[in-house]
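The block underneath contains the structure these notes are about, expressed in structure tokens.
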Amino acid sequence: MDRRKKIIIAIIIVIIIGIITIIAGALFINSGGDLSSGESHILVCAIDESEKRPGMGACDMAFIVYMKDGEIQNYTAIYPHGMTHPNASEPLEAQAQGAGSKLLLHD
């Protein structure tokens with residue numbers, strides 16, 4: 001085969017791959033949810049990025065937001081009793097630094 005035929009075959013293969021990709025994208029890839037219609041439950045995590053720890057930081061609070069047709073209907077705090085554990089206490093070293101007596105969510 002000469003060079004011209006190889007180039008034509010390569011172009012045809014690229015076109016076929018492009019067409020298959022477009023068809024597969026239209027059929028199988030979800031375009032995402034629409035929050036303006038229907039019911040949605042969304043997890044919202046409040047992250048403190050200023051804390052000196054590996055990763056993004058501690059999750060200081062978390063909520064489940066219930067939306068219906070694009071409007072917030074209700075939200076629920078994930079952690080019981082606000083940000084404190086119902087019966088666990090803070091570590092002794094945290095209490096020595098002035099923390100309260102109840103264990104907080106981000107501890």
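Nothing fancy with the numbering, it's 1 onward along the sequence. What you see below is based on every heavy atom in this structure, not just the backbone, and it leaves out hydrogens, waters and symmetry mates. The structure displayed is predicted, hence computed values, not measured ones.
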Tell me which donor-acceptor pairs under 3.5 Å the side chains of residues 4-26 have, and how far apart each pair is, sequence neighbours excluded?
unit_1: Thr21; atom_1: OG1; unit_2: Ile17; atom_2: O; d: 2.8

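Linking Ile, Leu, Val, Met, Phe, Trp and Tyr residues whenever their side-chain heavy atoms come within less than 4.5 Å places Ile42 and Tyr75 in a single cluster.
The side chain to side chain contact (heavy atoms under 4.5 Å, CB included) test applied to Ile64 returns His41, Leu43, Ile78, not counting sequence neighbours. Legend: residues meeting side chain to side chain contact (heavy atoms under 4.5 Å, CB included) with Glu71, ordered by chain and number and at least two apart, are Gln73.
A donor-acceptor pair under 3.5 Å is absent between the side-chain atoms of Asp69 and the main chain of Ser37, judged by distance alone.
For the atom pair OG1 (Thr76) and CZ (Phe63), the distance works out to 9.5 Å, reported to the nearest 0.5 Å.
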